[in-house]
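Report on the structure given below.
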Amino acid sequence: IRFILLQNRQGKTRLAKYYIPLEESEKHKVEYEVHRLVVNRDPKFTNFVEFRTHKVIYRRYAGLFFSLCVDMTDNELAYLESIHLFVEILDHFFSNVCELDLVFNFHKVYLILDEFILAGELQETSKRAIIERMGELEKLE
Amino acid sequence: MNPFSSGTRLRDMIRAIRACKTAAEERGVVRKECAAIRAAVSENDQEYRHRNLAKLMFIHMLGYPTHFGQMECLKLIASAGFPEKRIGYLGLMLLLDERQEVLMLVTNSLKQDLNHTNQYIVGLALCALGNICSAEMARDLAPEVERLLQFRDPNIRKKAALCSVRIIKKVPDLAENFTNPAASLLKEKHHGVLITGLQLCTDLCKASEEALEYFRKKCTEGVVKVLKDIANSPYAPEYDISGIPDPFLHIRLLRFLRILGQGDADASDCMNDILAQVATKTESNKNAGNAILYECVETIMSIEDNSGLRVLAINILGRFLSNRDNNIRYVALNMLMKAITVDTQAVQRHRVTILECVKDSDASIRKRALELVFLLVNDSNVKPLTKELIEYLEVSDQEFKGDLTAKICSIVEKFSTDKIWYIDQMLKVLSEAGNFVKDEVWHGLIVVISNASNLHGYTVRSLCKAVQTSGEQESLVRVAVWCIGEYAEMLVNNTGMLDVEEPITVTESDAVDVIEIAIKRHTLDLTTRAMCLSALLKLSSRFPACSQRIKDIIIQYKGSLVLELQQRSIEFNSIIEKHQNIRSLLVERMPVLDEATYNGRRAGSLPATTSASNGAALNLPNGVAKPAAVPLVDLLDLSSDVVPAPSPSGGDFLQDLLGVDLSPASSQSGTIQAQKNGTDVLLDLLSIGTPPAQSTSSTSDILSSIQDNKTSSGMLERLSSPSGLSAQASSPAGGSPIMDLLDGFAPNLATQEDNGPAYPSLVAFESSSLKLMFNFSKSPGNPQATTIQATFTNKSTNIFTDFIFQAAVPKFLQLHLDPASSNTLPASGNGSITQDLRVTNSQHGKKSLVMRIRISYKVNSKDVLEEGQINNFPRGL
């Protein structure tokens, strides 16, 4: 995975995690381009788009677009599943998550993401394990 | 203390920012907060540091610059408490990346934290390291991470594994260190560790060959067993996704097996069973199952051949294709393209489904399906496929039409078995999407048409019908107009009717109508209209009854602002009025364009010439000798008069030009005198208006008059183009001047038959022991490029060895050096080294060539270096 973006329909980035080094300006450009690419696509189309020399796998949940940028050789369907798993984890953690939760608790979202994906690869596939760990970490606070 | 208990402040800030209605307001709020934070930073405020960093991160996410916070991250990381460290690391990962130098300062803290007793802190450090470490950091901290691979807590082990992945990406040399610990990770039970361990092993295999071998030998069976276990395991709520236990693990395992099995027969054998099992048993009604199947298919296609498995794989793909979900179809099409190289037969079976996909509404699916279809076409299925594609062409949308047309045309061309089918298909394509058709395509069509003499009548009639319905399609109109011009009598007389045709009646005036409509249509461009004019001329000869009407039409363009049209109009008008006697000869049927040569030339890409010949008005005085065509033979006799029978290149040249076989010598000399007036007419024609040149009997004069009157010599040029193209092999030298001559629209044919102006050779460089001469030549048609042959001679009495010549040119020149003939230069001029240079001058005409050279060689095992600058290149290079 090269980067993960959570954007709403207006183009505001709610979460941006990059696993490759990019300048600030490049990051903004990328976010803008991905948003444009993804927001205009018909729901009947595939969830995979070509983006520069990579692929973007995206899915829309309510008003938020979850986009993953991966290499050309990766298994798209698997990443689609992982997006869904991530959303389920967020849902469980925040109990019926909505966009506002993600805004006000962005630091927690990042922490959850860090438990789920590290160095651009999946780290843990069990929802329960991740939630448990987050609980442990919360206790330490 | 919970930093977020004071999160009311953080939350307040967020709320305040969200409450802003305009961007300016937001900027104001952000600026205030930043100021407060900056003040706190400079005061070295401990208490609110973490809160400030949280605020800073939020501000960063909004897109504002936050560099002043970077040191705060470091201070937080260095503090002792877990919450501070946590927010510090988070800030680090968000605000910094591996290219910042500030990162190096963190290395020490990271090292301490990696050795910390609190495993959560170790976890934090590993996380940060894994996400943003740089190569130096990786090298420094690799031993720590390696040690942690065997930590007691599985959470740490999995983080360490992924961290190692990154380290190996950054520093592949360290791969060996990680191989052993990685192998032991594969024996874990914990899924998290297993997945990360697999990822580590995969990357190790990519990074190092030895690792790959090691894993292949030791771990293949183990991995197969793990896959078997997980595939057969009962319901486990923790890892279950849509009824399949941990599909991610499945996929990781399959991917690792793929790497192990690629290129290695034994490993592939091991995994055949489990692959078959996964392929058949996995449920595919949910995305998770499909993801696994997809990975499985990829693996099967990559490992060593096993036909049974492959058939299985392709069947799965076939099933995917009929799935309603777009994603699945997309994925299947992708895979099929790769599969086609492996097993075409199997893919053929799914042709129908693929064809359906071409019509899909999603653009990326359509594109892929079309490419796949293109790969699938072979002789047996080309006809039905083309039919389908052409039907679809009618309903497809504009962006797609271009692609589709190009593909259909290439299919038709490659696989056409009989000419009539080819012509039919091309007509359909032209009618539908003529505007998208490239020039070479319809040129090719014309070549084929002219070769298919039995189909001339059929072709011209179909074209006539077609152009009446689809007259906006440019290429169609061009082809039609040309054909009507050429084969007009067939059109009117219904000659050569084929069984499948219905008789149509087309009168002469109808034919003229068609062309008139075409020429009047303002959407068509210059070339088409020029072709129309030429066709009208032909018609005026073939249908004398319509001559007056045609003349009226042509006259309308006499004052046209476009030079080409005006010129043609005037010339043709003049022919119709004054030169009735040669008119019919001028517009005789074109000789058959030799297909083989045409295809050869096209492949050798001489586009300018062929398009000039075919595209430009193809009114062709005949090249085919007719015994009765005395005046025409005369034209040739003019030349043969000058250059007697054993023709040097000049004679051949003109012979090629006019395409007449000079061998019937009998008809020659006798008729010469009697037909002088004919030649006068010709010269008259060539120099319209000017008095005929006096007894211009030399070939070159004719040529130059032809060239001088290039504007009016349009006819003669085009006259010979096709036959010029199918030039005799014996006169290749004549070939290139013909090209020059024939480049109908190039203004500057002016000069001569030879290969461009000659330049004197030049002594470029001379020293006491070495002399360098340059000989220049230019290729015709490209004034900017010069070929220089450099000759080195040794003036001394010692042999030079290891002779190397180097040259440098300023930016407006491009230089290309060919290899030298040798690098030993014999002494005293007993031999020389030659080397070719090619220079392209982008400022040709404005700046002349200049070059710095450096020559190095050995004399008696002593190195010698000579340098110089060459400024005396002839101008005009």
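Note that the structure is a prediction, hence the values are computed from the model and not measured.
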Given heavy-atom pairs under 4.5 angstrom as the criterion, report whether the side chain, backbone, both or neither of N327(B) touches chain A.
both
Is it the backbone or the side chain of R14(A) that comes under 4.5 Å from a heavy atom of chain B, or both, or neither?
both
Ion pair check, R252(B) and E121(A), cut-off under 4.0 Å:
yes
Do the ring planes of Y330(B) and F48(A) sit parallel (below 30°), tilted (30 to 60°) or perpendicular (above 60°)?
tilted
Please classify the contact of L137(A) with chain B as side chain, backbone, both or neither, using a heavy-atom distance under 4.5 Å.
both
Q199(B) versus chain A, the contacting section by heavy-atom distance below 4.5 Å:
side chain
Which portion of H250(B) sits near chain A, non-hydrogen atoms under 4.5 angstrom
neither
Lys/Arg N to Asp/Glu carboxylate O, K108(A) vs D101(A), below 4.0 Å
no
Contacting moiety of V49(A), where chain B heavy atoms sit under 4.5 Å:
neither
Portion of F106(A) that has a non-hydrogen atom of chain B nearer than 4.5 angstrom
side chain
Quick one: are S67(A) and F3(A) in side-chain contact, heavy atoms under 4.5 Å?
no
As an exercise, state the distance from CG of L198(B) to CG of L254(B), rounded to the nearest 0.5 Å.
10.5 Å
Given a strict heavy-atom distance threshold of 4.5 Å, which part of S25(A) is in contact with chain B: side chain, backbone, both, or neither?
neither
Which bit of I57(A) is near chain B, if near means a heavy-atom gap under 4.5 Å: side chain, backbone, both or neither?
neither
Contact part of L162(B) toward chain A, heavy-atom cut-off under 4.5 Å: side chain, backbone, both or neither?
both
Does a salt bridge link R157(B) with E188(B), judged by any charged N lying under 4.0 Å from a carboxylate O?
yes
Against chain A, label R255(B) side chain, backbone, both or neither, depending on which of its atoms sit under 4.5 Å from a heavy atom there.
side chain
Under 4.5 Å from a heavy atom of chain B, the part of A16(A) involved
backbone
Checking Y89(B) against chain A: side chain, backbone, both or neither under 4.5 Å from a heavy atom?
neither
